[in-house]
Amino acid sequence: MYYAFFSRYDADWKSLLFEWFNIKEWKTVLSYYITFKPYGVPIKSKYNPLQSLFYFLFIIACIFQVISGLVMFTMGQNSIRGMSFMQTVLYWFVSLMGGYAHVYDLHRLLTWFFIVFFIGHVYMILAHDVGDKKGTVSSMISGYEAEKE
């Protein structure tokens with residue numbers, strides 16, 4: 001996430017925030033991932049709209065996962081020095097969520113989001129590797145680049 005915002009050469013935060021608004025390309029990108037056939041859309045940025053949306057959601061989910069994890073860590077631990085301070089600092093989040101039970105539900109829901117994101121991410125990497133026939137992922141695993149025919 002640091003490099004997305006602060007890299008001198010490859011800062012791509014604008015692609016993460018704004019590329020997923022391109023609704024016209026959604027159909028072609030989804031058909032590409034379902035059929036493994038190249039969709040022929042010229043690449044204008046580093047990410048396609050689907051990647052842009054889910055990487056943006058991943059960053060937001062990471063932030064909420066850390067905050068909800070800290071809230072759950074400090075629940076009922078007033079005897080430990082500093083925990084009551086953390087409860088005071090994070091009470092705005094508990095109030096925003098509607099109580100500790102909802103914080104726990106959010107944390108569990110985000111955990112499932114990460115599991116599904118990981119499975120979908122691996123599937124889409126393999127779909128990209130098979131569809132483009134460039135062997136990008138295969139070369140990462142084997143160390144050898146595919147020869148061009």
Side-chain angles (χ1 to χ4, degrees), residues 1-132 134-141:
M1 286 193 305
Y2 176 80
Y3 282 118
F5 290 98
F6 300 110
S7 173
R8 294 174 70 190
Y9 305 106
D10 197 23
D12 55 358
W13 64 271
K14 291 178 184 173
S15 298
L16 287 176
L17 294 180
F18 303 117
E19 191 63 34
W20 59 276
F21 288 120
N22 192 354
I23 304 297
K24 293 178 183 176
E25 289 185 21
W26 273 83
K27 182 180 177 185
T28 54
V29 170
L30 286 173
S31 68
Y32 166 71
Y33 282 125
I34 292 170
T35 62
F36 299 119
K37 294 179 183 173
Y39 53 91
V41 176
I43 298 172
K44 293 178 249 177
S45 70
K46 190 172 182 176
Y47 305 109
N48 66 41
L50 193 64
Q51 290 172 324
S52 176
L53 173 66
F54 278 96
Y55 290 152
F56 175 71
L57 291 176
F58 185 82
I59 291 171
I60 300 299
C62 285
I63 292 168
F64 278 102
Q65 186 80 347
V66 168
I67 294 172
S68 64
L70 286 172
V71 167
M72 290 190 327
F73 180 70
T74 61
M75 285 180 0
Q77 297 190 14
N78 290 327
S79 61
I80 300 174
R81 175 175 276 163
M83 290 299 156
S84 60
F85 171 73
M86 285 295 289
Q87 287 176 342
T88 305
V89 170
L90 295 174
Y91 188 73
W92 65 271
F93 187 75
V94 177
S95 298
L96 180 71
M97 292 303 300
Y100 286 107
H102 294 294
V103 172
Y104 175 75
D105 290 341
L106 173 71
H107 194 78
R108 188 172 46 186
L109 183 69
L110 288 175
T111 301
W112 279 107
F113 170 77
F114 289 128
I115 292 169
V116 171
F117 179 86
F118 175 75
I119 292 168
H121 188 72
V122 170
Y123 170 77
M124 290 182 195
I125 287 172
L126 294 175
H128 183 72
D129 193 44
V130 170
D132 284 348
K134 292 181 183 176
T136 308
V137 177
S138 303
S139 66
M140 288 182 205
I141 295 170

Kindly compute the distance separating [atom1] ([X]) from [atom2] ([Y]), expressed to the nearest 0.5 Å.
X	Y	atom1	atom2	result
Tyr100	Thr74	OH	OG1	6.0 Å
Ile59	Ile63	CD1	CD1	7.5 Å
Phe58	Leu53	CZ	CG	13.5 Å

Side chain to side chain contact (heavy atoms under 4.5 Å, CB included) evaluation trace for Tyr104 with Met97
CA-CA 10 Å; Tyr104 175 75; Met97 292 303 300; over 6 Å; no
Result block: side-chain N/O donor-acceptor pairs under 3.5 angstrom for residues 105-119, not counting sequence neighbours:
from: Asp105; atom 1: OD1; to: Arg108; atom 2: NH2; distance (Å): 3.0
from: His107; atom 1: ND1; to: Ser68; atom 2: OG; distance (Å): 2.7
from: Thr111; atom 1: OG1; to: Gln65; atom 2: NE2; distance (Å): 3.2
from: Thr111; atom 1: OG1; to: His107; atom 2: O; distance (Å): 2.9

